[in-house]
K.L.:
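Take a look at the following structure, please.
We count ligands from 1, going down the list as the structure has it; atoms in each ligand are counted the same way.
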Amino acid sequence: MQLWSLAMPVIRFVREGRDVECYPGENLREVALREGIELYGLKGKLGNCGGCGQCITCFVDVEGADPLAMTPCTAVEEQKLRRRPSSWRLACQALVQRSLVVLTRPQVGLPDREAIMARALGMPLPSGPLAWPEPELQADPEEGEEAGEGEVDSTTRDEAGGG
Ligand code: FES
């Protein structure tokens, strides 16, 4: 067995300021829930589909990720995300294969988003669960909720509003 296949992927949750280790092939939503990472905005907290790909509330942005970091988009994602940025996924549909950087609730504003994402992507991902040191990112979880689950904050992405 080759040594690289034993590596545990690390998910860098940018908004939460955490690096989390998981097993290859683990479901991104399940890892997030296990680690206490909040995937859902208000609508998803009030009611979500439990990971069936039907409620479209478990958005994540994986901009800059290795194309092989997760399993390809499912047919559900192809349909449900057709009006969203191409880097968005549904966490419940994605299996993690390699380390990657994830922005949860991308529809919710994040001050200085581009610079923070650039720093997160620029820092090497560790081979273990080391902290992604951005404690100032512990923003008010309700901040920016006005954009709504199904709406895209106009400040987040230029291409988000299409269609
Ligand atoms: S949890 Fe409902 S679509 Fe992912």
K.L.:
What part of Tyr40, side chain, backbone, both or neither, has a heavy atom within less than 4.0 angstrom of ligand 1?
P.N.:
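Just the side chain.
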K.L.:
Any salt bridge linking Asp61 with Arg84? Criterion: basic side-chain nitrogen under 4.0 Å from a carboxylate oxygen.
P.N.:
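Not counted as a salt bridge, because no side-chain N and carboxylate O are separated by less than 4.0 Å.
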K.L.:
Do you see an N/O/S atom of Cys52, backbone or side chain, under 2.8 Å from atom 2 (Fe) of ligand 1?
P.N.:
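No, since none of the N, O or S atoms of Cys52 sits under 2.8 Å from atom 2 (Fe) of ligand 1.
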K.L.:
For a quick test of reading the model, state the closest non-hydrogen atom pair linking Ala69 to Leu100 and the distance between them.
P.N.:
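Scanning both residues completely, I find the closest heavy atoms to be CB-CB, 3.9 Å.
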K.L.:
Which of the numbered atoms in ligand 1 are under 4.0 angstrom from any heavy atom belonging to Cys92?
P.N.:
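Here the atoms of ligand 1 in question are 1 (S), 3 (S), 4 (Fe).
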K.L.:
Between Arg82 and Glu77, is there a salt bridge with N-O shorter than 4.0 Å?
P.N.:
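Salt bridge absent between Glu77 and Arg82.
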K.L.:
Checking Arg15 against Glu38 for the salt bridge (Lys or Arg N to Asp or Glu O under 4.0 Å) test, could you report, in this order, the C-alpha distance in whole Å, the side-chain angles of both residues, the deciding distance, and whether it holds?
P.N.:
CA-CA 10 Å; Arg15 188 183 297 279; Glu38 184 56 72; over 6 Å; no
K.L.:
With respect to atom 3 (S) of ligand 1, which of Val76, Leu39, Ile56, Leu28 exhibits the smallest heavy-atom separation?
P.N.:
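Among Val76, Leu39, Ile56, Leu28, the closest heavy atom to atom 3 (S) of ligand 1 belongs to Ile56.
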K.L.:
Taking the side chain from Asn27 and the backbone from Cys92, do they hold a donor-acceptor pair closer than 3.5 Å?
P.N.:
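Present.
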K.L.:
Hey, is there an N, O or S on Cys58 sitting under 2.8 Å from atom 2 (Fe) of ligand 1?
P.N.:
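No, since none of the N, O or S atoms of Cys58 sits under 2.8 Å from atom 2 (Fe) of ligand 1.
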K.L.:
Which heavy-atom pair separates Arg12 from Ala120 by the least distance, and what is that distance?
P.N.:
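Minimum heavy-atom contact is NH1-O, 2.9 Å.
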K.L.:
Rounded to 10°, how big is the angle at atom 2 (Fe) of ligand 1 from Cys49 SG to Cys55 SG?
P.N.:
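Once rounded, the angle between the two atoms at atom 2 (Fe) of ligand 1 is 110°.
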K.L.:
Quick check on the hydrophobic clustering: are Ile11 and Leu95 connected, directly or via other members, by side-chain heavy-atom contacts under 4.5 Å?
P.N.:
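Different hydrophobic clusters.
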K.L.:
Which atoms from ligand 1 have a heavy atom of Arg29 less than 4.0 Å away?
P.N.:
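Going through ligand 1 atom by atom, the ones under 4.0 Å from Arg29 are 1 (S).
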K.L.:
Of all the atoms in ligand 1, which lie at a distance below 4.0 Å from a heavy atom belonging to Gly53?
P.N.:
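So the atoms of ligand 1 that pass are 3 (S).
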K.L.:
Would Gln93 count as a contact residue for ligand 1, given that I'm defining contact as a non-hydrogen atom of the residue lying under 4.0 Å from a ligand atom?
P.N.:
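No heavy atom of Gln93 comes that close to ligand 1.
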K.L.:
Can you sort out which atoms of ligand 1 are near Gly51, meaning under 4.0 Å from one of its heavy atoms?
P.N.:
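Taking each heavy atom of Gly51 in turn, ligand 1 has 1 (S) under 4.0 Å.
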